[in-house]
There are 2 protein chains.
Amino acid sequence: MTPARSRRPGAPTRTERGIPEATVARLPVYLRALTALSDSGIATASSEDLATAAGVNSAKLRKDLSYLGSYGTRGVGYDVEYLRYQIAREIGVTQDWAVVIVGIGNLGHALANYSGFGTRGFRIVALLDADPALIGEQIGDMVVRDFAELEEIVAADRVSIGVITTPAGPAQEVCDRLVAAGVTSILNFAPVVLSVPDGVDIRKVDLSIELQILAYHEQRKSGEAALPEVPELPAINGLPGLPSVGGGVGA
Amino acid sequence: MTPARSRRPGAPTRTERGIPEATVARLPVYLRALTALSDSGIATASSEDLATAAGVNSAKLRKDLSYLGSYGTRGVGYDVEYLRYQIAREIGVTQDWAVVIVGIGNLGHALANYSGFGTRGFRIVALLDADPALIGEQIGDMVVRDFAELEEIVAADRVSIGVITTPAGPAQEVCDRLVAAGVTSILNFAPVVLSVPDGVDIRKVDLSIELQILAYHEQRKSGEAALPEVPELPAINGLPGLPSVGGGVGA
DNA sequence: CCGATTTTGTTCTCACGTTCACAAGCTCCT
DNA sequence: AGGAGCTTGTGAACGTGAGAACAAAATCGG
Ligand SMILES: NC(=O)c1ccc[n+]([C@@H]2O[C@H](COP(=O)([O-])OP(=O)(O)OC[C@H]3O[C@@H](n4cnc5c(N)ncnc54)[C@H](O)[C@@H]3O)[C@@H](O)[C@H]2O)c1
Ligand SMILES: NC(=O)c1ccc[n+]([C@@H]2O[C@H](COP(=O)([O-])OP(=O)(O)OC[C@H]3O[C@@H](n4cnc5c(N)ncnc54)[C@H](O)[C@@H]3O)[C@@H](O)[C@H]2O)c1
């Protein structure tokens with residue numbers, strides 16, 4: 001069944017700027033570690049030092065860095081400033097990216113007040129909400145604007161990244177509007193699966209999921225044999241009396 | 001299905017409650033999808049239906065569910081309520097887990113105001129901060145308490161999960177205090193790598209990292225050949241004039 | 001009661017990610 | 001100059017995860 005491909009089966013897709021996704025997800029961590037070292041006045045660091053600071057093992061770190069090029073010096077280590085710049089360039093945060101936040105409720109307010117974006121390559125250009133009671137509110141040095149202005153803002157400021165902090169209900173609709181306006185990367189905090197066309201990247205942050213993963217392991221720790229026993233094969237329809245369980249979809 | 005008897009050499013470690021980590025991370029998504037279906041009054045769903053609702057492919061979903069047991073019916077599908085309960089039980093959210101939040105600033109306030117925890121298996125039992133100006137503040141039906149009361153609260157309410165929303169600086173110290181008090185699962189929002197002893201689980205949520213991952217792909221999309229060229233092998237020490245780049249470690 | 005139809009549970013194979021281990025390369029000391 | 005001592009970069013082994021494919025089991029219509 002093996003179709004005759006040119007690429008050897010075992011060979012990694014390495015070249016042509018193809019950095020493995022798992023590595024991409026760690027580069028920002030390395031970047032932060034390098035910035036911390038730099039701020040401490042450390043000019044050179046070995047892969048072991050860096051790995052400790054980033055919380056990974058050193059072989060993995062070296063392999064990750066090797067995808068970017070050969071930026072270390074054998075017997076010495078890595079020049080902190082130089083490597084920091086190379087990683088920043090690879091990620092694309094040597095320039096600032098314009099970001100819009102949609103849904104200025106609890107979470108949107110927290111993000112709007114957060115000062116950590118500017119120093120990490122992002123610039124919030126607009127806070128948008130559909131609630132007339134919120135529009136016009138001042139948050140830091142920004143003002144909440146009408147979601148209807150979205151297209152205009154995206155075009156004017158070349159916005160390519162959107163953050164969704166609306167309730168789950170309107171999230172897909174908001175997402176569609178963002179995509180239609182030209183946004184091609186979305187960070188979603190609403191607890192729904194959003195669908196987007198090819199070419200649009202989406203990442204989600206879901207606090208409840210994180211807690212549930214912790215709960216799973218926690219249960220494993222405490223009650224190793226304390227799992228409640230439950231009927232394995234009930235009648236297929238009509239199961240009265242099952243306890244109400246977590247996992248809701250409300251906003 | 002085959003009862004766990006003498007395990008064949010090549011067979012995966014299936015039973016004995018060994019669920020792959022990748023599967024564990026998806027179970028909460030299935031749980032949410034099932035709750036949504038249930039709320040729509042749908043009693044039965046095929047793996048295809050569920051997979052669509054959860055945003056995964058159906059083979060993966062079936063394999064994931066098979067780790068929990070054989071809860072479907074061939075030719076029919078899965079009973080929504082029953083499967084929902086089984087997943088909730090496996091994750092451990094048929095009971096409520098007590099949670100403390102430390103650091104009631106921007107983000108801590110947002111989490112404290114969030115109503116989505118109660119319906120997903122978690123109960124916030126305390127909001128803690130070290131700032132005297134905050135202690136005593138009312139948020140919803142809770143009051144911010146002194147971080148010094150931590151040990152007492154953890155013991156009284158059997159708290160096993162802690163959420164850290166302090167700045168990066170004090171995060172490790174706060175983490176140590178949590179662990180010493182008996183907390184064995186931690187969700188960290190501060191942009192630092194926390195170190196914890198064996199037996200303590202830690203998960204992190206880092207917004208800047210998520211945005212940087214999006215930025216990487218965004219850069220790939222737009223400027224396929226527009227990567228700035230840069231000297232590949234500079235003198236190892238003293239690199240004046242490199243642009244200042246993102247990735248800071250500030251609070 | 002039987003065959004057609006549907007859908008699960010599982011097997012097999014390939015791709016991806018992690019870790020080990022070590023030759024290659026650099027610095028420093030004698 | 002030459003050897004000792006480090007540290008990088010990478011090949012190879014190993015482990016985990018994803019997806020295609022299909023046999024086994026259940027329903028349903030005749
Ligand atoms: N607050 C948290 O700590 C927290 C935690 C986990 C997940 N979440 C999720 O994050 C999202 C936001 O949470 P929140 O607590 O900030 O909610 P919120 O209700 O406080 O804020 C939602 C905001 O979105 C706005 N909005 C609603 N529909 C809109 C539309 N169509 N277009 C533009 N704006 C619209 C509302 O006006 C409101 O200001 C929710 O999906 C929630 O489930 C929040
Ligand atoms: N706000 C955001 O949107 C956002 C986004 C990404 C990351 N973060 C990270 O989340 C964390 C919190 O952000 P924030 O904006 O809420 O910060 P914040 O400064 O508003 O709040 C931090 C709170 O922690 C408290 N605190 C400080 N030291 C403490 C200690 N030792 N013990 C107990 N409490 C202590 C402070 O009193 C303050 O109330 C930070 O690490 C930040 O980098 C925040």
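Just so we're on the same page: letters track the sequence lines, and every chain starts at 1. From a predicted model like this one, the values you see are computed outputs, not experimental measurements.
Rounded to an integer number of Å, the gap from CG of A:D64 to P of C:dG17 is 10 Å. Distance CG (A:N57) to C1' (C:dG17): 12 Å, rounded to an integer number of Å. Counting to the nearest Å, the P atom of D:dT16 and the OH atom of B:Y67 are 11 Å from each other. Atoms CD (B:E21) and C1' (C:dG17) sit 15 Å apart, rounded to a whole Å. Put simply, OH on A:Y71 is 12 Å from P on D:dT10, counting in whole angstrom units. Rounded to whole Å, atom P of D:dT7 lies 8 Å from atom CG of A:D49. The separation between B:D79 atom CG and C:dT8 atom P is 13 Å, rounded to whole Å. Atom CG of A:L68 and atom P of D:dG9 are 10 Å apart (whole Å).
Considering only residues two or more places apart in sequence or on other chains, B:Q95 meets the side-chain hydrogen bond (donor to acceptor under 3.5 Å, both in side chains) condition with none of them. Taking A:D49 as the reference, A:A45, A:S46 meet the side-chain contact (heavy atoms from CB on, under 4.5 Å) condition, with sequence neighbours excluded. Considering only residues two or more places apart in sequence or on other chains, A:N188 meets the side-chain hydrogen bond (donor to acceptor under 3.5 Å, both in side chains) condition with none of them. A:R203 is linked by a salt bridge (Lys or Arg N to Asp or Glu O under 4.0 Å) to B:E210, counting only residues two or more places apart in sequence or in another chain. In this view, A:F117 and A:Y114 satisfy the ring pair (Phe, Tyr, Trp, His ring centres under 6.0 Å) rule, not counting sequence neighbours. Listed by chain and residue number, B:F122, B:I161, B:V163 satisfy the side-chain contact (heavy atoms from CB on, under 4.5 Å) test with B:V99 (two or more places apart in sequence, or in another chain). The side-chain hydrogen bond (donor to acceptor under 3.5 Å, both in side chains) search around B:S208 returns none, not counting sequence neighbours.
Here the side chain of A:S46 is nearest to one of D:dA18, C:dT19, D:dT8, namely D:dT8. Among the nucleotides C:dT7, D:dA20, C:dG17, the one closest to any side-chain atom of B:A59 is D:dA20.
Checking side-chain atoms of A:T35 against main-chain N and O of A:L31 turns up a donor-acceptor pair under 3.5 Å.
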Taking only nitrogen or oxygen atoms into account, show me every contact under 3.5 Å that the protein makes with nucleotides 28-30 of chain C, one pair per line with its distance.
none

Short N/O separations, protein against nucleotides 22-26 of chain D, under 3.5 angstrom:
residue, atom, partner, partner atom, Å
D:dA24, N3, B:R74, NH1, 2.7

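With hydrogens and angles left out, the side chain of A:K63 and the base of C:dG17 share no donor-acceptor pair within 3.5 Å.
The phosphate of D:dG9 (OP1 or OP2) has a side-chain N or O of A:Y78 nearer than 4.0 angstrom. Put simply, B:S47 has no side-chain N or O that comes within less than 4.0 Å of OP1 or OP2 on C:dT7.
Residues from residues 22-30 of chain B that place a heavy atom under 4.0 Å from any atom of DNA chain D, listed by number: B:A22, B:R26.
For residues 54-63 of chain B, no pair satisfies salt bridge (charged side-chain N to carboxylate O under 4.0 Å, His left out), with sequence neighbours left out. Contacts classified as side chain to side chain donor-acceptor pair (under 3.5 Å) and involving residues 160-174 of chain B (residues at least two apart or in different chains) are given here: B:Q172-B:D176.
Under 3.5 Å, the side chains of B:D64 and B:T23 contain a donor-acceptor pair of N or O atoms. No donor-acceptor contact under 3.5 angstrom links the side chains of A:Q212 and A:Y216, judged on distance only.
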